[in-house]
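What follows is one structure encoded as structure tokens, with my remarks underneath.
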Protein chains: 2
Amino acid sequence: MPYFSRFSIGVRTISIGNTLPSADEQAALFSHVREAHKYEAIEDYVELIDDLINATGEARLVDIANRMGITQPTASKTIARLQREGYVTSEPYRSIFLTDKGKKTAESSRERHEIVYRFLMALGVQEENARRDSEGMEHHVSDETLAVFERFTATQSSKQ
Amino acid sequence: MPYFSRFSIGVRTISIGNTLPSADEQAALFSHVREAHKYEAIEDYVELIDDLINATGEARLVDIANRMGITQPTASKTIARLQREGYVTSEPYRSIFLTDKGKKTAESSRERHEIVYRFLMALGVQEENARRDSEGMEHHVSDETLAVFERFTATQSSKQ
DNA sequence: ACTAAAACTTAGCCAAGACTTATTTTATAC
DNA sequence: GTATAAAATAAGTCTTGGCTAAGTTTTAGT
């Protein structure tokens with residue numbers, strides 16, 4: 001029994017020629033998304049830490065864990081990684097501080113986040129969904145798209 | 001030395017009252033995104049498998065791996081999981097087929113993907129970025145936002 | 001000042017998703 | 001029809017990011 005070869009004269013073979021991107025192009029797309037994934041946790045954490053510091057004066061592990069919806073040990077491990085990678089400093093049993101690198105990341109991350117959020121709102125998406133979607137989308141929007149979003153939002157609000 | 005208490009009279013405390021969502025609300029947001037993440041791989045795989053079947057007549061592991069930009073063993077493990085979870089069927093050394101569940105997932109996934117892609121194009125984003133961004137965004141767009149995207153695209157194309 | 005509660009850490013478990021190296025099976029080409 | 005190449009699997013490693021249970025340190029309250 002043949003391996004259902006690509007060159008069989010079965011019915012499906014008719015569809016050869018359906019446009020698929022080249023394997024390399026497509027692989028580059030997926031690699032790009034995977035790359036973005038690596039920074040999602042970092043960005044979410046530093047953004048939250050920055051918010052906590054601004055709103056309450058400090059970033060405590062328990063608050064980070066509660067606001068992320070995870071347990072303290074899980075948060076603790078990620079904070080350790082963030083420290084290893086130079087985004088935060090923290091000493092045992094003390095609260096967490098952002099390094100300059102961490103602050104920069106937090107700021108650009110919040111900026112992206114807000115641009116996406118305001119764009120969705122300007123488009124007419126309900127607040128609840130705008131908040132949910134922007135949280136997921138912010139990590140996957142190129143600079144170009146972000147600029148387009150920003151321009152659109154500006155146009156819309158000037159129309160009011 | 002105090003633990004830099006929330007109730008200290010330090011400078012930062014002035015900012016108490018900066019609006020943060022409630023911990024529970026924020027946790028729900030992050031949980032939602034984490035939930036979406038769990039389905040990303042599944043959706044990407046079944047969409048690709050469906051594309052391969054339509055374009056070449058079959059979905060071979062080697063092509064899946066090449067197009068995803070990963071090694072065959074990695075693809076193999078994920079296919080095993082997809083099979084465990086009822087999205088595909090496959091026998092050792094044979095190519096991969098979608099179950100009904102897999103086909104449904106592939107179709108709705110491709111539809112979302114295309115809506116997002118066309119929306120970005122309609123907004124004026126360059127094709128390269130539209131392809132990249134839609135690949136990452138498709139998994140984080142609510143039904144409401146998707147509907148808004150679709151309406152916008154329709155409006156734009158009728159303006160041409 | 002001491003005790004109880006809260007916060008944090010440590011240790012250990014698990015699954016997903018990436019990798020390499022080696023082996024087995026299938027397909028191809030002569 | 002057999003040798004070689006290609007495809008798939010197997011085995012083992014690593015990191016991330018989730019968990020629980022148990023222990024330690026700090027904070028808070030009386």
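Letters A, B, ... are given to chains in the order of the sequence lines, protein chains preceding strands, and every chain is numbered from 1.
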- Query: Donor-acceptor pair, B:Thr153 side chain versus B:Ala122 backbone, under 3.5 Å?
  - Reply: no
- Over how many whole Å does the gap from A:Glu58 atom CD to C:dA7 atom P extend? 11 Å
- Between D:dA8 atom C1' and B:Arg60 atom CZ, what is the distance in whole Å? 11 Å
- Query: Checking all strands, does A:Pro73 fall into the base, sugar-phosphate, or nothing category for heavy-atom contacts under 4.0 angstrom?
  - Reply: base
- Message: Atom CD of residue position B:Glu114 - does it have more than 12 heavy atoms of other residues, nucleotides or ligands inside 6.0 Å?
- Response: yes
Identify all pairs in which a protein N or O lies below 3.5 Å from an N or O of nucleotides 15-17 of chain D, and state each distance.
unit_1 : atom_1 : unit_2  : atom_2 : d
D:dT16 : OP2    : A:Arg84 : NH2    : 3.2
D:dG17 : OP1    : A:Arg81 : NH2    : 3.4
D:dG17 : OP2    : A:Arg81 : NE     : 3.2
D:dG17 : OP2    : A:Arg81 : NH2    : 2.5
D:dG17 : N7     : A:Lys77 : NZ     : 3.4

- Task: Establish, yes or no, whether a centroid distance under 6.0 Å links the rings of A:His113 and A:His139.
- Result: no
- May I ask you to verify if any side-chain N or O of B:Ser76 is less than 4.0 angstrom from the OP1 or OP2 atom of D:dA8? no
- To the nearest angstrom, how far is B:Leu82 atom CG from C:dA15 atom P? 17 Å
- Query: Can you tell me how far C1' of C:dA7 sits from CG of A:Asn66, to the nearest Å?
  - Reply: 11 Å
- Query: Atom OH of B:Tyr93 and atom P of D:dA7: how far apart are they, to the nearest Å?
  - Reply: 14 Å
- Query: Tell me: CD1 of A:Ile79 to P of C:dT10, nearest whole Å?
  - Reply: 14 Å
- Query: Do A:Glu40 and A:His37 have side-chain N/O donor and acceptor atoms under 3.5 Å apart?
  - Reply: yes
- Specify whether A:Phe119 and A:Phe149 have parallel, tilted or perpendicular ring planes, treating 30° as the upper limit for parallel and 60° as the lower limit for perpendicular. parallel
- Message: Any donor-acceptor pair under 3.5 Å linking the side-chain atoms of B:Ser109 with those of B:Arg112?
- Response: no
- Item | Proximal nucleotide (of C:dC8, C:dC19, D:dA8) relative to the B:Gln72 side chain | D:dA8
- Message: Among C:dC8, D:dT26, D:dA11, which nucleotide has an atom closest to any side-chain atom of A:Arg94?
- Response: D:dT26
- Between A:Ile96 (CD1) and C:dA7 (C1'), how many Å, whole number? 11 Å
- Query: How about A:Asn129 and B:Thr145: does a side-chain donor come under 3.5 Å of a side-chain acceptor?
  - Reply: no
- Note on the structure: B:Gln83 atom CD is separated from D:dA8 atom P, nearest whole Å, by 14 Å
